> 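The structure is given below, and queries will be raised subsequently.
Only this structure's heavy atoms are used, side chains among them; waters, hydrogens and symmetry mates stay out. Just so it is clear, the structure is predicted and the values come from calculations on it, not from any experiment.
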Amino acid sequence: MTEELSKQYNPKETEEKWYKTWEENNLFSAKVSPEKSAYCIVIPPPNVTGILHMGHALNNTIQDILIRYKRMKGFSSLWMPGTDHAGIATQNVVERSLAKEGLKRQDLGSEKFIAKVWDWKEQYGSTIIRQLKKLGASCDWSRERFTMDEEYSKAVRNAFVSLWSKKPTGLIYQDDKIINWCPRCQTALSDEEAPHKELQGNLYYLKYPLKDSINEFVIVATTRPETMLGDTAVAVNPKDKRYKKLIGKTLILPLVNREIKIIADNLVDMNFGTGAVKVTPAHDPNDFALSARHRLQLINVMYPDGKMNENSGDYKDMDRFEAREVILEDLKERELLEKVEPHPLSAGHCYRCHTIIEPYLSKQWFVKMKSLAKPAIEAVKKGKIKFYPPRWKKVYLNWMENIQDWCISRQIWWGHQIPVWYCSDCKKNIMASVETPLKCTKCGSTKIYQDKDVLDTWFSSWLWPFATFKNKVDLQYFYPTSTLVTAPEIIFFWVARMIMAGLEFQGQIPFKDVYIHGTVRDIEGKKMSKSLGNIIDPLEIIKEYGADALRFSLISTTAQGQDVYLSKDRFEQGRNFANKIWNASRFILMNLKAENVNADLCVFFKNEKLDIANRWILSRFYSTLKKTEEDLAVYRFNEAANNLYSFFWHEFCDWYLELIKPQIDQKQTQLIMYKVLEKFLRAIHPFMPFISEEIWQRLPGAKGSIMQQSWPHLQKNLISNSDEKQMQLAFDIINTIRNMRAQMEIGLASQIEIKLTFCDKSVEKTISSLISHIKNLAKVGNLTITEIYQPQKNEFVCALKDLNIVMPLSGIVNVAEQIEKNQAKIDKIKSEIKNKEGMLANKNFLSRAPKEIIDAERTKLKDMYEQVDKLEVIKNGLR
RNA sequence: GGGCUCAUAGCUCAGUUGGUUAGAGCGUUGCGUUGACAUCGCAAAGGUCAGUGGUUCAAGUCCACUUGGGCCCACCA
C-alpha cells in the first residue's frame, strides 16, 4: 500500500523529520482552554552552561512522558521550558575561556565582563535546548524563559523588595557573619552550596605559653593551625577542674606574641582534645558566636583569595595551606608543637569548583527563613503537596524545621544585581527598589550607587513556577502547576524554596506532586561525572540506538525513586524493542487491506462472533492499558513501560501474530490486528514518540499526527477473564507439545500426531475452538480428542491439568528416562500436596484466612491430586 | 552523632495493600534461515530472596537486631 518498509528501523532520519514537523505545526504549544483541565510541568531549568547528561535524559524523559500522556488524555498540557543563568557556574566557564587569552575578569571590568557572558550565552546557551529536542522533549518552546530575561529579572527584584518591606519587620537584612567562603570563586556561598565531605586530616596540639610563667603552657588542639594567627582567646569549660585556676589568666600567642585571655564557656567539650579550645572568631562560626558573648576582638587573617593577609605577620601572602606547613615548622622549632594525630574531619567544599571553603567573616545579605518555612511545612504536612516516593517528605520536613537564614549575596558579577542603593551624601539611607531610583529618598542627593553584589542564583530559581508566566490569564490557568519532576540533590536548593516562594508571593502552593527520581550512576554505583570519566553520553546513545531506545531503556530500568545503574548494553533492549515494533507493524501493513480497517469495532461485535485469538488479544490489550494507566497515575514509569513491552513483544508478537497468520485475510482478523496495533501505538507514544509517529503515519486510516490523537479509551467490557483463561489453556498445551518435541528431539520439520485425552466432558467443548490454533503453533499434523484411555509403550505422554497429551511414536522411546522424569514430577507435586494438606488442615488458617484464598487453595489441591493420579497412570502404563 | 536507602538467577534489576509453584532484560546451553523481525524464534539450565530472631493461618514482602554497600544532614575545635 505504501512504499516498502526497510527490514530495520532507522531512528536517525525518522527522529529529525518528525521533531521538525511537530515544531512546525505548533503541536507543543499549550493554550488556555477553559473547556479543558490544565496540566503543567515547569522544567527544572538546566544551566545555560549545561550539556545533556544521563541525569537530564532521565529527568526530561519522565516529564515528556507525563506531558504527552496528559495531552492525549485531553488536558491542556503545558511543559514550560527554559534555562538558568547559573551565576557562579557560568561565570567560571567564561573566566576559563578568558584565561586562555591570558585575561582575568578584573582586566575587563564588570561591565565588559558581563557583556562577554551575554555573548557567550548567545553563542552557546542554547546547546542544551537543542539537545533536549533530540531527546524528543515536547516543551512549548514559544514560552522559553531565561532567568535573566528582563521580565524575569523584574520578578526577582519584586520578590526582593517584597521581602525587604514585609511587615512588621523586613525579611531581608545585612549583617557581619561567618559565611562559607570559596577562595577560588571568591564569593560567599549558602550552606547548601558548601556540602561537607570527609577528609583525612590531622589534629595538631599547640602549646600556648602562659604570660606569667613562660614555661607553663596550655595545649590546644586544632585541625586548622594556620588560623591560630587570628586567635583572640582560649576557651575552657567552666566546670573543667584542670583549667579552673587558669580562667582569666593571659597567654602569649606564639609567633604573633599577642596576649590572649583564657575564658570560660559552656560550649567547650571537656572530652575533646585537651579541653582547651583556641578561639578564632573571624574564621569559625562557633568561635564567632563565642566572641559575641565575651566581647572578643575579631582578627581576619586571610585575603578573599585564601592567602594570608596583613594581619599574619611574616606569613603574609602565603596560601592558607602553605602557611599551615610553615607555621607548623616554626612551632616545631620553638618546641611548641606538642603532637600531631591523624584525625578525620569534614569540611565544606564549594559545589561549583570543589575547593575547600573557608569559614570567613564578612558582611552579607540574608533572608530570614523561619516565617517563610512555616506555611511551607504546613502545606506538605497537610498533604497539599505530595512527594513520590513519600520518604522524601521526611527529608524535606527535617530540613525545613531546622532552617537557617539564607545568605543570598554573592561577590560575583554574573547575576541579578542586588536592588539596593546607597546614598554617598547622607550615607545613612539604604533603599531597596524594583525600579532604579534617581535620588536618595532621604536627602534628595543624586549621588547614589547600587550594591555591587549579585543575588544567589537560587534566589531567582525559586520563583520559576510562576515568574515564567508572562500574563495573568496564563498564570491563573496553569498555576499551581501539577507535577514537579526532579532529582534528590536539589530538594533543599530548589524544591523547598519554591514551595516557600509560591506560598509567599502567590499565596498558593507551586505544584501538587513532587516526583523525585533517582540518581544516574555507572555500573559500579559511582555517580556519573566528567571528572571520573565514567559518563555515558546520551547523545552518543541517541546517535547509535535512537532517542526512543534511550528513553525506553532508561525508563524501563528506573524503579520509582531508586538510583539507576547504567551500562551501555542496557540501551540495546530499547533498540531491539523499537525494531520489534517496527517489524510487527511492517508485517501487519504488508498484509493489511485498507478496505477492512474502516469498520467500527462496536458494530462489528454485534454482527460477528470473534475468534478466540481476536477476543483474547483485545482483552489482553485492555488489561494492559488499564494497568498502564494505574501505573502512570502513581508515577510507576518502569512498570508502565515494562507492561507495554511484554504485552507487545510476548503477547501480541509471540502469540497473537503467530496465531492469526493462517487467518490473516479474514475480515475480523484484519480489523482486530489493525485496531490493536493502532491503539498500542497511541499507548506507547508518550514513551517512544518518534517510532510511534513514524508508523502512525503509515496507517491507512491515520489523520494528523499521533500527538493529536487521544489516549485509547479503556473498554473494560472487552476484558474477559474467561477468554484469557481459555487461551492460556491453548498456550499450555502448545508449550507442552513443544517441550515434548524438544525432549524427544523431534524437529519442527517432522509432522507429528497428537491425541488429547480428557476425563471431563466440558473440556472437550473448550478445546474445540482451540484446535486449529494448537495444530498451527505446535505444528501438529493430526490432532484427535478422545476419552481417557490406557497409555501404550510406544507413546509419550504428558499430563496437563485436566488433560493428557499423548504423542504416539513410531521409533523407540527411552522408557527408563521417561519414567524417571515422571517420577521426579510426581515427587515434586507430592511434596507440594503435603504442604497444601497441612495448610488446609490448619484450623487457624480455615478460620482466619479469607474465603477466596481457602477456596483457591482447595481447588489447587484437587488439581494436584488429579495430576498425580494421571502421572501414576502414565508411569504404570509405561512399565 | 541523626536520618534515609539497598542486599532476590552469572550480571543489572522488578516484585504496589503480606496470599498460586518468586519474574524480566542481558549472559550461558541446545535446536531453528516457515516470506515481519538473527536487533529474531523455540526450548533449557540457573535462586535455602544477606544472616538471626519475632509477628501472622500465611513473610522476599511487616517488626527487631546483625553483617556489608551507597546517600543525605549535623557548629566535636
> P atom, B:C63 versus B:G27: distance in rounded Å?
37 Å
> Whether the A:D231 and A:T280 side chains hold a donor-acceptor pair (N or O, under 3.5 Å, no angle test) is what I'd like checked.
yes
> Apply ring-ring contact (aromatic ring centres under 6.0 Å, His included) to A:W655 and list each qualifying residue two or more places apart in sequence or on a separate chain.
A:F731
> Nearest to the side chain of A:R391, heavy atoms from C-beta on, is which of B:C4, B:A77, B:C37?
B:C4
> For RNA chain B, what residues of residues 653-661 of chain A have any heavy atom nearer than 4.0 Å?
A:C653, A:D654, A:E658, A:K661
> A:Q562 has a side chain; which of B:C4, B:C75, B:C6 sits nearest to it?
B:C6
> Among residues at least two apart in sequence or on other chains, which ones pass salt bridge (Lys or Arg N to Asp or Glu O under 4.0 Å) with A:E694?
A:K17, A:R698
> Given the side-chain rings of A:Y635 and A:Y515, with only the six-membered ring counted for Trp, is the space between their centroids under 6.0 Å?
yes
> Would you say A:I617 and A:F647 make side-chain contact, with heavy atoms under 4.5 Å?
yes
> For RNA chain B, report each stem as range with range, ordered by first number, or say none. Use Watson-Crick or G-U wobble pairs under 3.5 Å, at least 3 in a row.
B:1-7 with B:67-73, B:10-13 with B:23-26, B:28-32 with B:40-44, B:50-54 with B:62-66
> Can you tell me how far P in B:U8 sits from the matching atom in B:G69, rounded to whole Å?
15 Å
> Measure the acute angle between the ring planes of A:F577 and A:F648, then classify it against the limits of 30° and 60° as parallel, tilted or perpendicular.
perpendicular
> Just to be sure I understand the geometry, which residues of residues 271-292 of chain A put a non-hydrogen atom under 4.0 Å away from RNA chain B?
A:F272, A:V277, A:N286
> Under 3.5 Å, which N/O atoms of the protein pair with N/O atoms of nucleotides 23-29 of chain B?
residue : atom : partner : partner atom : Å
B:G25   : OP1  : A:H650  : NE2          : 3.2

> Could you list the residues that satisfy salt bridge (Lys or Arg N to Asp or Glu O under 4.0 Å) with A:D405, not counting sequence neighbours?
none
> Can you list the residues that meet the salt bridge (Lys or Arg N to Asp or Glu O under 4.0 Å) rule with A:D240, with sequence neighbours excluded?
A:R242
> Using ring-ring contact (aromatic ring centres under 6.0 Å, His included) as the criterion, list what pairs up with A:F387, not counting sequence neighbours.
A:Y396
> I want to confirm an ordering. Mapping A:F587 and A:N844 to their closest nucleotides on RNA chain B, which one lands closer to the 5' end?
A:F587
> Detail all sub-3.5 Å separations between protein N/O atoms and N/O atoms belonging to nucleotides 19-22 of chain B.
residue : atom : partner : partner atom : Å
B:U21   : OP1  : A:K836  : NZ           : 2.7

> Among pairs that include at least one residue of residues 280-289 of chain A, which meet salt bridge (Lys or Arg N to Asp or Glu O under 4.0 Å), considering only residues two or more places apart or in two chains?
A:R224-A:D284
> Suppose we screen for salt bridge (Lys or Arg N to Asp or Glu O under 4.0 Å). Which residues come up paired with A:R741, at least two apart in sequence or across chains?
none
> Once you apply a heavy-atom cut-off of 4.0 Å, does A:R575 come out as touching a base, just sugar-phosphate, or nothing?
base
